[in-house]
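Structure first, commentary second.
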Amino acid sequence: MTLVAGVDSSTQSCKVVVRDLGTGELVRSGRAAHPDGTEVDPAAWWSALQEAIAAAGGLDDVAAISVAGQQHGMVVLDAQGRVIRDALLWNDTRSAQAARDLIDEVGAEEYAARVGVVPVASFTATKLRWLRDAEPGNAARVAAVALPHDWLTWRLRGYGPEGESELGPDLEALTTDRSDASGTAYWGAASGAYDLDLFARALGRSGREAGSGAGGDAVILPRVLGPSESAGRTPSGVLVGPGAGDNAGAALGLGAADGDVVVSIGTSGTVFAVTDAPIADASGTVAGFADASGLSLPLIATLNAARVLGSIADLLSVDHDGLSALALSAEPGSGGVVLVPYFEGERTPNLPDAKASIHGLTLASTTPANLARAAIEGMLCGLADGLDAVRAAGVRERRILLIGGAAQNPAVAQVAAQVFDAPVEVPAPGEYVADGGAVQAAWALTGTRPTWTVETSAALPVDTRPVIRTQYAAARA
Ligand SMILES: Nc1ncnc2c1ncn2[C@@H]1O[C@H](COP(=O)(O)OP(=O)(O)O)[C@@H](O)[C@H]1O
Ligand SMILES: O=C(CO)[C@@H](O)[C@H](O)COP(=O)(O)O
């Protein structure tokens with residue numbers, strides 16, 4: 001039996017799966033928590049990865065591994081390969097003004113045409129512009145910029161600061177992949193290349209792709225690998241795949257095909273599909289990302305997803321199952337109660353300074369059941385608005401695949417069928433981002449993309465209840 005491993009280094013935790021190359025059967029798995037917060041020392045990810053690998057039985061009998069990770073995080077390294085400051089994550093909104101500045105300088109239309117996205121606080125370029133303006137001393141020390149999955153792949157291959165690694169700080173060895181590069185806002189899915197002018201506008205320093213040999217004091221950007229290109233090997237000889245952004249990893253893990261729209265409800269909420277042609281939405285609503293198979297991944301993301309439910313469950317002193325039971329005991333529309341869940345600001349719509357709000361409370365409607373259902377309805381209405389935007393970009397769904405930690409909540413699946421106006425399928429409980437890493441590892445090892453079977457645990461027909469989105473739209477306006 002040949003084994004391959006996949007990693008999901010996401011916002012809240014690191015998950016590792018070990019699967020049989022031939023059948024895709026899950027053989028072992030492990031996980032480890034990440035610190036909370038929107039800026040994190042990457043050393044915590046490295047520790048969690050090692051802990052999760054150990055919990056998954058180690059890599060001694062594993063032939064290949066690949067790391068998928070949360071997108072956009074800004075990992076800045078000095079010339080000695082040391083992390084200069086904590087990484088700003090995708091959900092950190094301090095670079096919102098930097099995003100507006102970059103749009104003012106370049107123009108939204110041109111930005112979208114050049115790299116398929118329009119800057120928002122989530123994207124790496126805006127974080128680099130913030131670093132230039134807020135921490136010029138740190139910006140001057142930057143020798144390389146990597147994404148979370150790039151940096152973990154580099155460390156896994158034995159690179160890192162002297163004394164902390166076997167191979168030392170070779171920044172030229174940094175690699176990334178198309179999907180994660182397309183989330184930086186200085187690499188384009190359509191061009192397949194870095195836009196070094198946009199990078200320079202962000203950090204105020206010139207950049208170059210690793211291995212380009214230009215030298216000088218240009219900031220090194222990871223070499224962009226193809227979908228099945230190996231990044232090298234671990235010091236013990238395990239083949240390492242190119243890795244991916246987590247959403248592209250999920251698409252690989254699901255085997256998402258034409259007609260599939262994936263809705264992921266984890267720390268972030270995302271709606272995405274795999275398409276042949278890249279998109280360029282000058283409104284900035286739909287990001288024209290690349291996928292991890294050589295195609296494209298139009299995507300919207302919300303800042304407020306699973307943790308909306310956790311917050312309201314805590315308020316009601318119930319667990320996930322308790323929240324589900326309460327929500328299912330209320331009627332669609334939650335008795336008129338609407339939660340607009342912009343607890344962390346919001347990315348879609350781009351309202352980084354927004355706060356959450358509750359509407360429609362009366363003495364009769366203020367019940368735990370209505371509040372529980374309103375939390376689920378509000379969170380899903382935000383994603384339904386995103387689905388409308390993805391549809392407007394030309395995507396036509398045959399089915400919605402519901403994944404992420406909150407997808408296993410019965411009330412979430414039922415309300416999803418009431419707001420998405422499409423059939424909803426819930427794949428069997430699993431870590432589909434990490435599974436995508438395992439698919440990548442198998443692909444890099446054999447040269448052939450595996451077609452493992454994905455089981456479905458629930459299938460819900462369309463059950464549209466218009467009141468839910470109608471009252472949400474009125475409250476959100
Ligand atoms: N049954 C459930 N109902 C609602 N939320 C859940 C449920 N199970 C897990 N979650 C939430 O899902 C989130 C973890 O999902 P995950 O997809 O692993 O997140 P990420 O990949 O962003 O780290 C946590 O916020 C957790 O509280
Ligand atoms: O910013 C995005 C996509 O653009 C997020 O999807 C991040 O990639 C975080 O993913 P999770 O931790 O929620 O899985």
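All ligand and atom numbering here is 1-based and tracks the order in the structure.
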key: Side chain to side chain, R307 and F343, heavy atoms closer than 4.5 Å   =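 With C-beta onward as the side chain, the pair stays apart.
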key: Identity of the nearest option to atom 8 (N) of ligand 1, non-hydrogen atoms only, from C14, A250, G405   =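 Comparing heavy atoms across C14, A250, G405, the nearest one to atom 8 (N) of ligand 1 lies in G405.
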key: Gap between atom NE2 of H149 and atom OG of S10 - 0.5 Å precision   =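 Separation between the atoms: 14.5 Å.
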message = If I take atom CD1 from residue I376 and atom OG from residue S324, how far apart are they, to the nearest 0.5 angstrom?
response =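 Answer rounded to 0.5 Å: 6.0 Å.
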For [atom], what is the nearest protein heavy atom, given as residue, atom name and distance?
{"atom": "atom 5 (C) of ligand 2", "answer": "S268 OG, 3.4 Å"}
{"atom": "atom 24 (C) of ligand 1", "answer": "Q12 NE2, 3.6 Å"}
{"atom": "atom 26 (C) of ligand 1", "answer": "H320 NE2, 4.1 Å"}
{"atom": "atom 12 (O) of ligand 2", "answer": "T11 OG1, 2.5 Å"}

Please say whether [X] places an N or O atom under 3.5 Å from an N or O atom belonging to ligand 1.
{"X": "N409", "result": "yes"}
{"X": "S268", "result": "no"}
{"X": "T267", "result": "yes"}
{"X": "S10", "result": "yes"}

Quick one: does ligand 2 sit under 4.0 Å from the side chain of [X], the backbone, both or neither, non-hydrogen atoms only?
{"X": "N247", "value": "side chain"}
{"X": "D246", "value": "side chain"}
{"X": "R347", "value": "side chain"}

inquiry  = If I apply the N/O under 3.5 Å rule, does W90 come out as touching ligand 2?
reply    =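 It does not: no N or O of W90 is found under 3.5 Å from an N or O of ligand 2.
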For [X], atoms of ligand 1 separated by under 4.0 Å from a heavy atom:
{"X": "T11", "value": "23 (O)"}
{"X": "A306", "value": "11 (C), 12 (O), 13 (C), 25 (O)"}
{"X": "G404", "value": "17 (O)"}

ask   = Would you say K15 contacts ligand 1, with heavy atoms under 4.0 Å as the rule?
value =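 Distance cut 4.0 Å: K15 passes for ligand 1.
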inquiry  = I need the atoms of ligand 2 closer than 4.0 Å to a non-hydrogen atom of F289, numbered in the order shown.
reply    =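 Checking each atom against F289, I get 4 (O).
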key: Element-labelled atoms of ligand 2 that are located less than 4.0 Å from some non-hydrogen atom of H72   =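 Reading through ligand 2 atom by atom, the close ones are 1 (O), 2 (C), 3 (C), 4 (O).
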query = Counting only N and O atoms by type, is there a donor-acceptor contact under 3.5 Å from the side chain of K15 to the main-chain atoms of V7?
reply =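 Not at all, since once roles are kept as given, no pair shorter than 3.5 Å links the two residues.
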inquiry  = Check this for me: does any side-chain nitrogen of one of R201 and D197 sit under 4.0 Å from a carboxylate oxygen of the other?
reply    =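 Looking at D197 together with R201, the answer is yes, because their closest N to O distance falls below 4.0 Å.
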